[in-house]
Amino acid sequence: GSSDGPVLPRYVRVNTLKTSMDDVITYFKRQGYTYLGKARSIQELIDFGQKSGKLFLQDLHIPNLLVFPPSTDFHKDSLYTAGHLILQDKASCLPALLLDPPVGACVIDACAAPGNKTSQLAAIVQNKGKVFAFDLDTKRLATMSTLLLRAGVTCQELANVDFLTVDPSEPKYHKVSHLLVDPSCSGSGIPDQMRVLTDEAGSEKEARLQALSAFQRRALSHALQFPSAQHVVYSTCSVHQQENEDVVKDVLEQHPDFRLVNVLPSWPMRGLNTFPGSECCLRASLSDTLTNGFFVALFQRRSPEEKRIS
Ligand code: SAM
């Protein structure tokens with residue numbers, strides 16, 4: 001990072017399939033860390049990002065998320081290797097948290113590898129019910145199996161397939177009520193990839209964004225076809241309107257049975273004002289929310305009463 005602007009802290013998600021927030025806080029205190037309690041504002045997090053040493057906070061928005069100074073590295077920590085801790089950026093914890101399937105629910109993670117969000121979904125449903133997870137990439141799916149094993153996830157069913165070819169009318173998906181769609185994107189919200197994109201020639205970049213956003217529309221639209229879908233969350237780690245608000249706007253127009261949920265009203269950064277209701281979506285960035293660049297929209301099926309009125 002630069003010397004003046006905010007610096008991304010090290011976020012650590014506590015895996016409640018294997019441990020508890022209290023046990024992890026006790027562990028770090030025994031390791032000589034000072035616990036500063038729960039953050040009260042984004043400004044407090046921004047100030048914390050400038051610190052170093054053995055300190056930590058509980059996050060302001062995400063339950064089970066701890067915040068450490070940027071220089072902290074847990075890749076060799078025994079709690080990490082034992083699957084008690086998941087190293088996941090704060091913004092990428094939002095989709096599963098906002099989808100919030102009930103314990104025992106049937107869930108689909110449409111583009112799932114390497115599986116951080118799948119493991120979070122499994123923790124939310126408490127390993128009961130089912131998480132169907134799909135990915136096209138064999139290697140990434142293999143990495144995902146290792147990650148889920150380490151995280152103690154047992155309710156998953158992985159498949160190496162194109163999500164667009166998964167048939168929503170298949171009986172095994174009849175009970176799927178919650179879907180998470182986190183498709184391939186430009187990654188322009190991740191600092192290093194930003195550089196790759198800006199180095200690309202304008203026309204190449206345009207073509208790539210167009211191809212990505214076409215796939216994103218199809219994937220999100222496909223998720224809304226599942227007969228029992230009540231909630232569908234869409235996310236990207238892109239900062240481009242074409243991959244975010246534009247996708248949501250088009251898909252909403254194609255699916256009048258669904259509406260957007262106004263997620264986390266206290267979150268300061270909202271969707272770009274490009275269509276009525278875009279403020280229901282949320283965005284994230286290093287300067288505004290001390291996270292990677294990110295976008296989330298939550299769709300909810302309209303109730304039968306709501307349809308009669310409109
Ligand atoms: N949700 C993952 C996590 O939190 O760890 C990250 C997903 S990554 C942004 C997008 C994934 O979509 C990639 O692993 C890619 O292989 C997969 N993918 C791309 N096209 C797909 C398709 N048609 N069907 C299923 N997965 C696909």
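Count residues from 1 along the sequence. Remember, it's 1-based here, ligands and their atoms both numbered in the order they're listed. Computed from heavy atoms alone, side chains included, the values below leave out hydrogens, waters and symmetry copies.
Checked for salt-bridge contact, R208 and E204 miss the test: no charged N lies under 4.0 Å from a carboxylate O.
By the 30° and 60° cut-offs, the orientation of the rings of F163 relative to F226 is parallel.
Taking D100 as the reference, I124 meet the side-chain contact (heavy atoms from CB on, under 4.5 Å) condition, with sequence neighbours excluded.
Sorted by first and then second residue, the pairs that involve residues 80-120 and meet ring-ring contact (aromatic ring centres under 6.0 Å, His included), not counting sequence neighbours, are H75-Y80. Screening residues 135-149 for side-chain hydrogen bond (donor to acceptor under 3.5 Å, both in side chains) gives T138-N160 as the qualifying pairs, with residues at least two apart or on separate chains.
A distance-only check finds no donor-acceptor pair linking the side chain of D288 to the backbone of R283 [under 3.5 Å].
In this structure, ligand 1 sits under 4.0 Å from heavy atoms belonging to A110, C111, A112, A113, P114, G115, N116, K117, D135, L136, D137, R140, V161, D162, F163, D182, P183, S184, F215.
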